[in-house]
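Note sheet for the following structure.
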Amino acid sequence: GNVDILSGFSKTATGGNIKFQGGSSATGHSGAISLLTGTAKLGTSGHLLLSSGNSLESSGSLLLHTGNSNEGKSGDIAIAAGTSAANIGGSIILTGGNSISSSGGSVKMKSGASRENTSGSISLATGQGQKSGSLSVLTGSSKTSGSILFATGDGYSSSGGIQFHV
């Protein structure tokens with residue numbers, strides 16, 4: 001059977017919220033929250049959809065955020081597609097939102113900043129295999145196509161270089 005969890009409806013104000021929170025701990029680890037679909041032996045397992053609602057004005061955002069840490073390492077966010085023993089592994093698709101009359105949404109990747117140490121890195125790499133996959137950097141086809149810019153940041157003492165190896 002199905003389980004439906006719904007918050008209250010409002011005609012003129014804000015609808016009710018739903019909050020899931022694991023238990024806190026004074027000395028140990030806090031409790032975890034798991035959202036899982038069921039296992040399927042023959043068919044496809046269920047989909048897991050995280051989506052904000054539609055709106056005539058502005059739809060809500062979807063935020064994935066790990067907690068802050070005062071002394072240790074803050075938590076990671078790992079997005080990984082599943083492994084297949086006999087077929088193609090799952091893909092990860094990051095797509096900005098489409099627009100009919102304005103600009104489409106952007107896809108931005110930015111590493112973490114550091115005030116007193118080195119900022120985080122960004123690595124784009126294909127996986128290993130009998131033949132490794134290709135890496136393509138393309139702008140979309142259009143009446144006026146966009147540019148591709150490779151640039152290092154400004155440095156107070158020296159700036160980094162750009163290297164291409166075959």
Side-chain angles (χ1 to χ4, degrees), residues 1-115 117-129 132-142 146:
N2 297 330
V3 176
D4 293 329
I5 300 174
L6 303 173
S7 63
F9 168 80
S10 174
K11 199 169 189 179
T12 58
T14 304
N17 297 320
I18 296 176
K19 181 178 181 180
F20 295 100
Q21 180 174 337
S24 299
S25 173
T27 57
H29 299 290
S30 65
I33 294 176
S34 299
L35 295 176
L36 305 171
T37 64
T39 302
K41 288 189 176 181
L42 297 177
T44 303
S45 64
H47 299 289
L48 181 61
L49 172 66
L50 297 176
S51 177
S52 63
N54 297 327
S55 173
L56 293 176
E57 296 180 8
S58 296
S59 64
S61 300
L62 180 62
L63 174 65
L64 296 178
H65 183 268
T66 64
N68 300 324
S69 174
N70 289 333
E71 297 181 9
K73 181 179 179 291
S74 63
D76 297 324
I77 295 177
I79 300 175
T83 300
S84 175
N87 210 318
I88 298 172
S91 299
I92 296 175
I93 301 171
L94 300 177
T95 306
N98 298 325
S99 175
I100 295 173
S101 59
S102 186
S103 298
S106 300
V107 177
K108 299 179 181 180
M109 290 191 299
K110 184 178 180 181
S111 67
S114 175
R115 189 170 53 186
N117 210 315
T118 306
S119 66
S121 300
I122 295 178
S123 299
L124 295 178
T126 62
Q128 295 177 339
S132 65
S134 300
L135 180 63
S136 300
V137 179
L138 306 170
T139 62
S141 299
S142 179

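When reading the values below, keep in mind they use all heavy atoms of this one structure, side chains included, and skip hydrogens, waters and symmetry mates. What you see is a predicted model; the values in this text were computed from it and never measured. Residue numbers start at 1 and run along the sequence shown.
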| message | Check this for me: I88, atom CD1, are more than 12 non-hydrogen atoms of other residues, nucleotides or ligands nearer than 6.0 Å? | response |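 No, CD1 of I88 has 12 or fewer neighbouring heavy atoms, counting only those of other groups under 6.0 Å.
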
| query | More than 12 non-hydrogen atoms from neighbouring residues, nucleotides or ligands closer than 6.0 Å to CD1 on I79, yes or no? | reply |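 Count not over threshold, so no.
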
Least distance between heavy atoms, [X] atom then [Y] atom:
X    : Y    : value
S24  : Q21  : OG-NE2, 4.2 Å
S132 : G127 : CB-O, 3.6 Å
G67  : S74  : O-CB, 3.6 Å
L64  : I77  : O-CD1, 3.3 Å
G60  : S52  : O-OG, 2.7 Å
S7   : G16  : OG-O, 2.6 Å

| said: Going by side chain to side chain contact (heavy atoms under 4.5 Å, CB included), name the residues that satisfy it together with F9, two or more places apart in sequence or in a different chain. | reply: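 Scan of F9 (side chain to side chain contact (heavy atoms under 4.5 Å, CB included), adjacent residues dropped) gives K11.
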
Distance-only criterion, 3.5 Å: show the donor-acceptor pairs between side-chain atoms of residues 96-113 and protein atoms not counting sequence neighbours.
residue : atom : partner : partner atom : Å
S99     : OG   : S102    : N            : 2.9
S99     : OG   : S102    : O            : 3.2
S111    : OG   : G120    : O            : 2.5

| task | Verify, without hydrogens or angle tests, whether S61 (side chain) and L63 (backbone) share a donor-acceptor contact under 3.5 angstrom. | result |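 Checked: no pair found.
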
| task | Kindly compute the distance separating CG (L36) from CG (L48), expressed to the nearest 0.5 Å. | result |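 If I round to the nearest 0.5 Å, the distance is 8.5 Å.
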
| Does the side chain of D76 reach to within under 4.5 Å of the side chain of T66, using non-hydrogen atoms? |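 No, too far: nothing below the 4.5 Å cut-off.
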
